[in-house]
There are 2 protein chains.
Amino acid sequence: MSDPQPPALLSQRPLDNSRALLHRAVDLGLDFTSGELRDGLVLRHATARELIDRFAQPVPVAGTSDEQLLESLAEIASWSISQADPRYLAFPDTGDSVAALAADIVATFLNQNLIAFDRSAPAASVIEAQLITWLRELVGYPVTPLADYQGLASLGGMWTSGGNMSNHIAIAAALAHIYPEVREGGLRAVPEQPVILLAGGVEHFSYLAAAQALGLGANGLLWADATPNFTSDPASVALLLASPPPGKRIFMVVGVAGNCRTTGIDDLQQLADLCQKHGVWFHVDACHGGSLLFSEKLKVQLAGIERADSVALDPHKGLFVSYPSSYALFRDPNALGRFARYPDQADNPDCLDLGLITPFYGSRGFESLKLWALMKHQGTEGIGRLVDARQATYQRMVDLLERTGCFRMLGTSDFYRCAFVFLPDQVARAMEEATVRPELHTSVRALVSRYTAAFAEHLYRSGTVVFDLFALQDLADRIGLGAAAKYQVMGMCVGHPHIAEEIAHAIEQTLLDASRDLTSAMLTDIHSLLTATNAPSREAAVDVTGPAGW
Amino acid sequence: MSDPQPPALLSQRPLDNSRALLHRAVDLGLDFTSGELRDGLVLRHATARELIDRFAQPVPVAGTSDEQLLESLAEIASWSISQADPRYLAFPDTGDSVAALAADIVATFLNQNLIAFDRSAPAASVIEAQLITWLRELVGYPVTPLADYQGLASLGGMWTSGGNMSNHIAIAAALAHIYPEVREGGLRAVPEQPVILLAGGVEHFSYLAAAQALGLGANGLLWADATPNFTSDPASVALLLASPPPGKRIFMVVGVAGNCRTTGIDDLQQLADLCQKHGVWFHVDACHGGSLLFSEKLKVQLAGIERADSVALDPHKGLFVSYPSSYALFRDPNALGRFARYPDQADNPDCLDLGLITPFYGSRGFESLKLWALMKHQGTEGIGRLVDARQATYQRMVDLLERTGCFRMLGTSDFYRCAFVFLPDQVARAMEEATVRPELHTSVRALVSRYTAAFAEHLYRSGTVVFDLFALQDLADRIGLGAAAKYQVMGMCVGHPHIAEEIAHAIEQTLLDASRDLTSAMLTDIHSLLTATNAPSREAAVDVTGPAGW
């Protein structure tokens, strides 16, 4: 080893030596992106146990060389999965904007602390404030241009570490607005049970987690119905708002602008009308749908979002920006001012200490630079073109799925994600011809789930095509075995604006090949099931494995 | 412009074109680190208003060239502050480990989603689990080596976005442990007021924020006394544990291992004894002190930390790693298992879906790679040497401060931070000779605060030396105007293992020059104050401006 214990810090090393090392880190990243480090696969698959055996080691007491460090990082990369690969179709977090990557690299060196302006983050605080006003403008909220900055109380938004926290903070702000006494006396000071109204079956896990963490408990959620399109049913919401259960007060209604399973988008105007009528806080979870705000053509799907009291945006989802990049925005610019530790500072036009109005965050880095850089580099028009192109690509990929004759859609949406089971035409025909007896429904559902999981797992382990895999209720009864039935389903999420023709073709071939291998076995199984006199009544083993199952 | 609207995504661009751009992002970062972009200053100072005028612009509709993007990033960098500059002495967040920087660059490209193993973050989940076992071992907790991984319920720790959240999650875990019914019924199901016991005057702001956000309210905090050394007073803690106020139940005691103002370290053994005796959850906030765990020589100061039920570590503080890098660890490896959404998965040795046990976080990036890389690159021995060297540098810098005769220490500690006012020897002598009459105390305190702030602000605006500036109670009555008096103080925090002799000398000269300019004015003011018959009784205007004031 030429350098058995190289110096640790930039200041201890010749600048050009560090430069060479850090350029190689970039090259390593690009080798990952290009696929070279992954043998050209979306991932080289290994189980948790196999990777533990490969990487487990005692606490390193002695150090290692620069060279060895880079080799270790390359080894880790070689067992990582590429969300930016066009054959990765499980989740939209591609994170591959070159401007965002450049900005993130610069931000690492800057290491500004966004808790405060003075002594911590002068320019960075201004850039983050700027970005928040831009995002407010895209949502359609009233905006004070940054040039006319009036103080933190007029900012009306904040960066957060993810959609989970953006939703959480929106709920916290709603609670603080409606129950100001909670800051002093806690929830025990509240005479009624505050509840959040949201539709079951299309909800994100963060609402239950937030209700528990905020001290509301699971009892703090009240469930409305979902429509067969996997959206919140306004009629059900109206009914519950008109007559909430005794002892409970609905303080928030959640509108979903792109649910995490099929990206169905709620009728936000109707929900806004209902919330206005009843004087209830309206939160729009646009973590998935927010990217549509950049498209002149598609943003109509979000009409009414500007009437929400709070909006969660998640640019690390579907906006080509790496983690963490999420934002909670508020129609009332002073919604976050209620969290200010020094409330008199919130109206000071010379104060830009963001830490004053960012609950849950103290010292934190310059994560907002990357979205700022993407907007600067591409402009809203350029980003809009990417979003439009992705939508067209998504439609082409849905057509591709349909064309194979291998799948049955449970939910499609106008947006970038759909959910489906493995149900080849021959198997579907066999089921129709035999008209499945009710006592066999459970077993048939289990069979469909099992083959769907097997299909997805086969592709995933081969590293050739990655679909999401999770559990979903067949709300529209597309399989025909009841709208209450839950299946293991695949999700296809197209995060990529462009999938080259030859790659789409390869994906299609891979699907057809995998289907061929499974179809005859599935046909045999379904025949013996449908003709058996004493079919075992087995419920589907519905597991959660992919990112959207959360 | 050669490329008026360059393609946005890596996949749309020639690889070598992206490579060149991203190498230049690294170079830009190094130009910031070296000082070239900052005119050789810690920062080029500008007010919030000036920077707003410089950077404010409408939402960009059209994009811009690569070149223009880099220029914008350079412009932002040139108005940023360098926490890695040895003359930056306000906070310990240097973030300048070359291994951590390299790892962070790689992590940006990998963009793994640590919510889950399959389809999201295979190798990354293993590396993060590995790091958590390493950190547990350093704390002295019982450890299951990663090679013997038993499932998430045996992991006992998680990454968080900052010390604020690490403390918050520790409190949430304590609440979930003591009041399991809260998950369902919320805090309204609890018959008593749960309270956290902590010492006033040395507390971090995160405890009040967490109590409010968790639904306990400010009433959920119970204040013990601090000692003159700015540590929690065990006698006061003992008294309150023995007889808590009626209707309140103390469910957690906070031990502070390095407070954020003077880094005084509590007697953790005594606090652990008390908590054990009373069966109360013991949390140790080691956000500042945690780096001492790496030093064989210094870790004795943290003796007893291994008896804590939870520990907050903050490697982005004092461990040369950029934001965000923070960890919450738990003695009971299953403390986080209580948050699992699918509890049966927590004991599955094949499941490494970290999202199951990371409350507040869903999709999130591979932030743990940088600390893993630093530990790999330097080993615990190498990091220990850095921590030891920093301690020696800190002592040298304290000597330097004392030698100038310009300052009066309010609190020194055995660790890397001290707090002091501007009180030149001549002024102190004048005060002693005149023996300040009690009715003048308020005015003299205001005067000392005013000159301290002026001194710190002068240095800060010149960009030559940056001390922290915040408010502190003179608990040991070092100024002699009462232990209840609060002053505007400067903080010196030495995050740097090495400060070159010539730089230390330049700092000393800068301090002496600035002092010379202020001392005669201060002398005049103090004389006229001490001899005036009707001195105006003016309270000190105590402001919070620096990062530790939070």
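Throughout, protein chains are lettered first and strands after them, A, B, ... in sequence-line order, and every chain is numbered starting at 1.
- For B:T94, the part lying near chain A is the backbone, with the side chain staying farther off; criterion is any non-hydrogen pair under 4.5 Å.
- Neither the backbone nor the side chain of A:H496 comes within less than 4.5 Å of any heavy atom in chain B.
- With a 4.5 Å cut-off on non-hydrogen atoms, B:A147 touches chain A through its backbone and its side chain both.
- Contacts of B:V98 with chain A are made by both backbone and side-chain atoms, with heavy-atom separations under 4.5 Å.
- For chain A, the nearby part of B:F32 is the side chain; its heavy atoms alone come within less than 4.5 Å.
- Contacts of A:F366 with chain B are made by side-chain atoms alone, with heavy-atom separations under 4.5 Å and no backbone atom involved.
- Of the residues considered (B:S97, B:G162, B:S11), B:S97 shows the highest number of contacts with chain A, using heavy-atom pairs under 4.5 Å.
- Heavy-atom distances place the side chain of A:L369, and not its backbone, under 4.5 Å from chain B.
- Using a 4.5 Å cut-off between heavy atoms, B:P359 does not touch chain A at all.
- In this structure, the portions of B:H23 lying under 4.5 Å from any heavy atom of chain A include both its backbone and its side chain.
- Of the atoms belonging to A:A107, not a single heavy atom falls under 4.5 Å from chain B.
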Side-chain donor-acceptor contacts of residues 73-80 of chain B below 3.5 Å, not counting sequence neighbours, with atom names and distances?
residue	atom	partner	partner atom	Å
B:E75	OE2	B:R54	NH1	3.1
B:S78	OG	B:R44	NH2	2.7
B:S78	OG	B:E75	O	2.8
B:S80	OG	B:I76	O	2.8

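- Using a 4.5 Å cut-off between heavy atoms, B:Q130 touches chain A through its side chain atoms alone.
- Rounded to the nearest 0.5 Å, atoms CG (A:D104) and CZ (B:F109) are 9.5 Å apart.
- Heavy atoms closer than 4.5 Å to chain B are found in the side chain of A:E137, but not in its backbone.
- Only the side chain of B:L69 comes within contact range of chain A, with heavy atoms under 4.5 Å apart.
- With a 4.5 angstrom heavy-atom cutoff, A:F320 touches chain B only via side-chain atoms.
- Remark: A:R19 engages B:D27 in a salt bridge, criterion side-chain N to carboxylate O under 4.0 Å.
- Using a 4.5 Å cut-off between heavy atoms, A:V59 touches chain B through backbone and side chain atoms alike.
- Of the two parts of A:L28, only the side chain, counted from C-beta on, holds a non-hydrogen atom closer than 4.5 Å to a non-hydrogen atom of chain B.
- Contacts of B:L175 with chain A are absent, with no heavy-atom separation under 4.5 Å from either backbone or side chain.
- Geometrically, A:R119 engages B:Y460 in a cation-pi contact defined by less than 6.0 Å to the ring centre and at most 45° from the axis.
- Contacts of B:Q12 with chain A are made by side-chain atoms alone, with heavy-atom separations under 4.5 Å and no backbone atom involved.
- Only the backbone of B:L216 comes within contact range of chain A, with heavy atoms under 4.5 Å apart.
- To the nearest 0.5 Å, atom CG of residue A:D314 and atom CG of residue A:D93 are 7.5 Å apart.
- Taking the ring pair (Phe, Tyr, Trp, His ring centres under 6.0 Å) definition, one finds that B:Y149 meets it with nothing, sequence neighbours left out.
- Both the backbone and the side chain of B:N111 come within contact range of chain A, judged by heavy atoms closer than 4.5 Å.
- Contacts between B:Q83 and chain A at a heavy-atom distance below 4.5 Å involve the side chain alone, from C-beta outward.
- Side-chain polar atoms of B:K376 and A:Q57 form a donor-acceptor pair below 3.5 angstrom.
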### Message
Show, in sequence, the C-alpha distance, side-chain angles and deciding distance for A:I127 and A:Q112, and conclude whether the side chain to side chain contact (heavy atoms under 4.5 Å, CB included) test is met.
### Response
CA-CA 12 Å; A:I127 295 297; A:Q112 302 295 285; over 6 Å; no
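- Only the backbone of B:P58 comes within contact range of chain A, judged by heavy atoms closer than 4.5 Å.
- Note that CG of B:L51 and CG of A:L352 are 9.0 Å apart. Values are rounded to the nearest 0.5 Å.
- Residues B:Q212 and A:E184 have side chains that never bring a donor and an acceptor to within less than 3.5 angstrom of each other.
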